[in-house]
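So the structure is just underneath, and the comments pick up after that.
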Amino acid sequence: MKHWLFKTEPSEFSIDDLRRSPQGTAPWDGIRNYQARNLIRDEMAEGDRVLIYHSSSDPTGVAGTARIARAAYPDHTAWDPKSDYYDSRSKPEAPTWFMVDVRFEERFAGLLTLVAMREIPALREMIVLRKGMRLSVQPVTAAEFEAVVRHARALGKAAGG
DNA sequence: GCCAACGTTGGC
DNA sequence: GCCAACGTTGGC
């Protein structure tokens, strides 16, 4: 089983939006980057664990966890001229872009912020902490995943939750 | 709102 | 195939 981090802007689609989706499950559409596409198409499998990261928010950080609920299938929003994610290069008979479905698992009592993550030695190598790292879906190690969850839950307790 | 970092595009 | 220009991401 692999572990991932998915970025999302909470003003567009937050972990609460995921939780409120039918069966807590939603397609992760609109990824239009080849490196991310390759990870989605070639590496992700049903059951993989996912950290949901809120970007472009105040503060930014990991909001909770999810699972890959369905392995890669064509991102049909690329075929819809009315979609923000339309891309004429992608055809139904030869899809360029792919997506997975993600199922809500846990919402942390508070965000484990990027600032806090930088203070955690176990996360020193984490991709999301690297300067200029823009990849919107990233691999994380099992150890990093567990460290994020452990610290995030401790935050909740400290806050009285 | 700024701007560094990065990916993509397109002229040559 | 190089690389400058451009657009986007995303932390600050």
Side-chain angles (χ1 to χ4, degrees), chain A residues 2-19 21 26-44 48-66 68 72-102 104 106-141 143-145 147-152 154-156 158-159:
Chain A
K2 292 179 176 165
H3 300 72
W4 308 96
L5 179 146
F6 284 17
K7 292 182 189 172
T8 181
E9 297 192 22
S11 59
E12 300 297 320
F13 189 81
S14 71
I15 194 163
D16 289 325
D17 294 322
L18 177 62
R19 176 159 62 175
S21 298
W28 208 266
D29 58 13
I31 302 292
R32 296 291 180 268
N33 169 282
Y34 286 100
Q35 195 178 348
R37 187 280 308 271
N38 293 347
L39 292 171
I40 289 168
R41 187 191 58 189
D42 304 334
E43 303 290 338
M44 294 183 188
D48 284 358
R49 305 194 72 186
V50 180
L51 298 171
I52 301 295
Y53 177 88
H54 283 177
S55 65
S56 296
S57 60
D58 188 15
T60 63
V62 178
T65 67
I68 304 293
Y73 61 105
D75 184 343
H76 52 75
T77 63
W79 307 330
D80 177 4
K82 294 189 290 294
S83 170
D84 289 343
Y85 304 127
Y86 177 66
D87 184 346
S88 62
R89 290 171 296 189
S90 185
K91 308 287 182 195
E93 64 275 17
T96 304
W97 304 115
F98 290 80
M99 60 187 175
V100 293
D101 287 353
V102 170
F104 173 83
E106 176 179 0
R107 183 193 194 283
F108 300 141
L111 274 192
L112 184 64
T113 66
L114 196 65
V115 169
M117 289 165 72
R118 292 193 194 284
E119 302 300 315
I120 299 172
L123 304 183
R124 191 166 290 139
E125 303 293 320
M126 206 168 169
I127 293 172
V128 73
L129 301 184
R130 292 184 197 159
K131 186 174 182 179
M133 188 63 243
R134 306 190 327 192
L135 196 60
S136 59
V137 304
Q138 308 175 358
V140 304
T141 68
E144 288 165 347
F145 189 99
V148 166
V149 169
R150 181 158 19 90
H151 281 84
L155 271 182

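To find a chain, count down the sequence lines: A is the first, B the second, and so on, and within it residues start at 1. All figures in this text were calculated on a predicted structure; none of them were measured in a lab.
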Starting the side chain at C-beta, find the nucleotide from [options] nearest to [X].
X        : options               : result
A:Arg89  : B:dA4, B:dT9, C:dG10  : B:dT9
A:Gln35  : C:dG10, C:dC12, B:dG7 : B:dG7
A:Arg118 : C:dG10, B:dA4, C:dC12 : C:dC12
A:Asn33  : C:dG10, B:dT8, C:dC12 : B:dT8
A:Thr60  : B:dA4, B:dG7, C:dG11  : C:dG11

Exercise for the section: May I ask you to verify if any side-chain N or O of A:Tyr53 is less than 4.0 angstrom from the OP1 or OP2 atom of C:dT9? Expected result: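 No, because none of the side-chain N or O atoms of A:Tyr53 sits under 4.0 Å from OP1 or OP2 of C:dT9.
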Practice task
May I ask you to evaluate whether A:Lys7 reaches the phosphate of C:dG10, defined as a side-chain N or O under 4.0 Å from OP1 or OP2?
Solution key: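 Checking A:Lys7 against C:dG10: at least one side-chain N or O falls below 4.0 Å of OP1 or OP2.
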Rounded to whole angstroms, how far apart are [atom1] on [X] and [atom2] on [N]?
X        : N      : atom1 : atom2 : value
A:Ile127 : C:dG11 : CD1   : P     : 15 Å
A:Gln138 : C:dT9  : CD    : P     : 15 Å
A:Glu9   : C:dG11 : CD    : P     : 9 Å
A:Lys131 : B:dG7  : NZ    : P     : 15 Å
A:Asp87  : C:dT8  : CG    : P     : 13 Å
A:His54  : C:dG11 : NE2   : P     : 12 Å
A:Arg134 : C:dC12 : CZ    : P     : 16 Å
A:Asp58  : B:dC2  : CG    : P     : 18 Å

Handout entry: Nearest heavy atoms of A:Thr77 and A:Gly30, plus distance in Å
Key =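 Of all heavy-atom pairs spanning A:Thr77 and A:Gly30, the closest is OG1-N, 4.3 Å.
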Exercise for the section: Please report the shortest heavy-atom distance between A:Met44 and A:Asp48, naming the atom on each side. Expected result: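 Closest pair (atom of A:Met44, atom of A:Asp48, distance): CA-OD2, 3.6 Å.
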Handout entry: Any A:Ser136 side-chain heavy atom under 4.5 Å of A:Asn33 side chain
Key =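 No. Closest side-chain heavy atoms not under 4.5 Å.
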Practice task
Step through it carefully: locate the ring centre of A:Trp79, locate the ring centre of A:Tyr85, and say whether they are under 6.0 Å apart.
Solution key: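 Ring centroids of A:Trp79 and A:Tyr85 are no less than 6.0 Å from each other.
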Practice task
For the residue pair A:Phe13 and A:Trp28, categorise the inter-ring angle as parallel (less than 30°), tilted (30 to 60°) or perpendicular (more than 60°).
Solution key: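 Aromatic pair A:Phe13/A:Trp28 classed perpendicular.
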